[in-house]
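A, B, ... follow the sequence lines: proteins, then strands. Residue 1 opens every chain.
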2 protein chains.
Amino acid sequence: MKKVTIKDIAKEANVSTATVSYILNNVPKQTITDETRCRVLTAAERLNYVPNLAARSLVKRKTGLIGILINRAANEPWWRQLRYADMVNQLEQLLTERGYHVVLSSIEAEKPKVGIIAERKLDGVFLIDVKEEHFYSISFHFPAGVPLVVVDSLVEDSLFYKVIHDYELALQTAQSWNVGHACYYVIEPYYNEPYVQAIKDAIGVEDSQLYVMEDEAQLTEFISRQPAGSKGIIFNEFIGTLAAKYADPADLTIVCTSGCPEMVPARAKRVSAIENKSQISFELMIQLLKLDGELPIDKYIKVK
Amino acid sequence: MKKVTIKDIAKEANVSTATVSYILNNVPKQTITDETRCRVLTAAERLNYVPNLAARSLVKRKTGLIGILINRAANEPWWRQLRYADMVNQLEQLLTERGYHVVLSSIEAEKPKVGIIAERKLDGVFLIDVKEEHFYSISFHFPAGVPLVVVDSLVEDSLFYKVIHDYELALQTAQSWNVGHACYYVIEPYYNEPYVQAIKDAIGVEDSQLYVMEDEAQLTEFISRQPAGSKGIIFNEFIGTLAAKYADPADLTIVCTSGCPEMVPARAKRVSAIENKSQISFELMIQLLKLDGELPIDKYIKVK
DNA sequence: GTGAAAGCGCTAACAA
DNA sequence: TTGTTAGCGCTTTCAC
């Protein structure tokens, strides 16, 4: 089973490779006799031809590859590892439907290497949860014109399009369900500090009432310090399930940011913060891809 | 910021493209003057050169791309979606360390398209949870010589290397903890029926004591039908957390197959079934990759 | 309507 | 030690 090329097809069908290419790609402006088209198509079929996308990329200058790059440190706890699983699934599914192939790459939180973008000539990239201070080096070594959608990261750089969830709205909703109660908050950590800070600011309570999740032991302690009868507003459903081990689920409101609202404990309340974050990110990417350049679009998009 | 090629470097350093290539790739058998090497290297640096892997792939006939293809149906429940998240993370991390890039693709459970393997000329592929009946068509349209590691799927085809977890051992352990008790079992579904069947056979209890997870409602019902005081042995930690909503966690033993043992409810027992499944799969792949052909290795590998 | 030929960026014989 | 050159498989002018 050796590799079949258009040359083989050309020979088989007694045409030139150009003609084969025209036909296989349905080139719009090329008129082809039904007869030759048919001959070529059946030849291709018979020979079991599969195009070589690397070769195609080389000449078309489009690879059809989209990257999903996620910031990750070594030894992350399970709730952190799983955090973007849903988003990756969704994006991958949507992109695949659209005919793109997805390159998945974790990048080290400490020293993010994004060489893959240039090396693989990715057509577009999702960058997830990136430290603020790394954006400079990223944008510096960056092939201009590659659509770059930054997720869950705040950064002052007009090069990037950013998608974040509407934590303010989610917060309002959650709070509206708990009026008149003492509340404590648990939020999820991001490598992007400004984002964490923005969420903190939006919440605007004292440090004693807010915990940025780090590990289960600290969480336990934090919760145990809260006055009896307090209500908890927890960001992220994985963290929520942990909190539910130490607080009455009925006292909790979980803000779902990982796309798994079904997993929150039965008696806890939940508000979904990302209804369609993947969808939005995807659509933004498609827009950028098709415009093939700058877009007169808000650089910040808040989901839902 | 236009794209720099070895030709640019060659010009800049007053050498031929061949020389540049030699130097940039540290070609073993080529001796190069320190002086030219230095000139070329600095030129490359100055110009901010990034190799084009597509071009390289074309001539080397190796793409450096490894595929992770996961069988997925539309609208899977959350516990199913997350099931391979950890494995994907792990594999990706290991492969990235080794200098490979990872292409992630979900394939439809109903009509799996694996064209990506041939089109992208993937150097190796992990195929996860594939229906038995699809293997024929897969192996038929398959570029010979591509290492193919099949995970969580039983199939009688010597073309593939298979990795499954050692459910028998896990089972023994779990059972040894519950001797003298009435036990019921909940196992996770796989698209690969023979695998499900094999697990069922290993358990060997009546249908009334075994449930293949489908949805939460049925799970509830199943559990409620069990005699009071029964112990439950649940495969998969996500399913385990669901079960814990309807049974006393203390009565449960969770067989962790998704790499997140930390998430099982505090009072439940747990046995890890996959200690190092990703690691094993990865190493197998590396072996195959380096042998560049057949390997006198067991086609079935049971993890742990 | 079809084909010849020039590349895309890179590697690897083979010469020099 | 370095350069020349022939491709890898494909697309795309531009002639015919």
Side-chain angles (χ1 to χ4, degrees), chain A residues 2-41 43-44 47-65 115 117-123 143, chain B residues 2-41 43-44 47-65 115 117-123 143:
Chain A
K2 61 181 296 290
K3 44 204 49 158
V4 179
T5 73
I6 51 169
K7 211 186 242 169
D8 299 315
I9 301 180
K11 205 174 300 170
E12 181 85 1
N14 267 308
V15 292
S16 72
T17 61
T19 307
V20 176
S21 177
Y22 292 146
I23 294 175
L24 261 31
N25 295 301
N26 269 310
V27 178
K29 314 252 62 143
Q30 280 290 336
T31 53
I32 304 276
T33 334
D34 271 4
E35 201 262 319
T36 44
R37 177 186 304 279
C38 183
R39 231 177 39 245
V40 167
L41 252 24
L47 296 182
N48 229 301
Y49 171 73
V50 179
N52 181 331
L53 297 189
R56 195 206 301 268
S57 305
L58 201 53
V59 32
K60 308 249 308 191
R61 288 128 178 285
K62 287 261 167 272
T63 56
L65 291 175
I117 302 176
E119 289 172 351
R120 288 287 176 196
K121 297 274 177 297
L122 303 182
D123 286 346
Chain B
K2 62 180 299 292
K3 46 203 49 153
V4 179
T5 73
I6 50 169
K7 212 186 242 170
D8 298 315
I9 300 181
K11 204 175 301 171
E12 182 85 2
N14 269 309
V15 292
S16 73
T17 61
T19 308
V20 176
S21 177
Y22 292 145
I23 295 175
L24 260 31
N25 295 301
N26 268 311
V27 178
K29 315 252 59 145
Q30 281 290 338
T31 53
I32 303 277
T33 334
D34 273 2
E35 200 262 318
T36 44
R37 178 186 304 279
C38 182
R39 228 173 46 242
V40 167
L41 252 23
L47 295 182
N48 229 299
Y49 170 74
V50 178
N52 182 332
L53 298 189
R56 184 193 309 226
S57 307
L58 202 51
V59 31
K60 308 251 305 194
R61 288 127 176 284
K62 288 261 167 270
T63 56
L65 290 175
I117 303 176
E119 290 173 350
R120 289 287 175 195
K121 297 273 176 299
L122 303 182
D123 286 346

Rounded distance in Å - [atom1] ([X]) to [atom2] ([N]):
X	N	atom1	atom2	result
B:N14	D:dT4	CG	P	12 Å
A:R120	C:dG9	CZ	P	17 Å
B:L24	C:dC10	CG	P	9 Å
A:Y49	D:dC10	OH	C1'	7 Å
A:K11	C:dT2	NZ	C1'	19 Å
A:K7	C:dA5	NZ	P	13 Å
A:D34	C:dT2	CG	C1'	15 Å

Notebook entry, point to check: Side-chain N or O of B:N52 less than 4.0 angstrom from OP1 or OP2 on C:dC8?
Noted result: no
Note to self: It should be established whether B:R56 places a side-chain nitrogen or oxygen under 4.0 Å from OP1 or OP2 of nucleotide D:dC8.
What the structure shows: no
Report which part of the nucleic acid [X] touches: base, sugar-phosphate, or nothing (heavy-atom distance under 4.0 Å, all strands).
X	result
B:S57	nothing
B:D8	nothing
A:I6	base

Check: Is a donor on one side and an acceptor on the other found under 3.5 Å between the side chain of B:K60 and the backbone of B:S57?
Finding: no
Margin query: Can you work out whether B:R61 or B:K29 has the more 5'-proximal nearest nucleotide on DNA chain D?
Written below: B:K29
Distances under 3.5 Å between nitrogen or oxygen atoms of protein and nucleotides 12-15 of chain C:
residue: C:dA13; atom: N6; partner: B:Y22; partner atom: OH; Å: 2.7

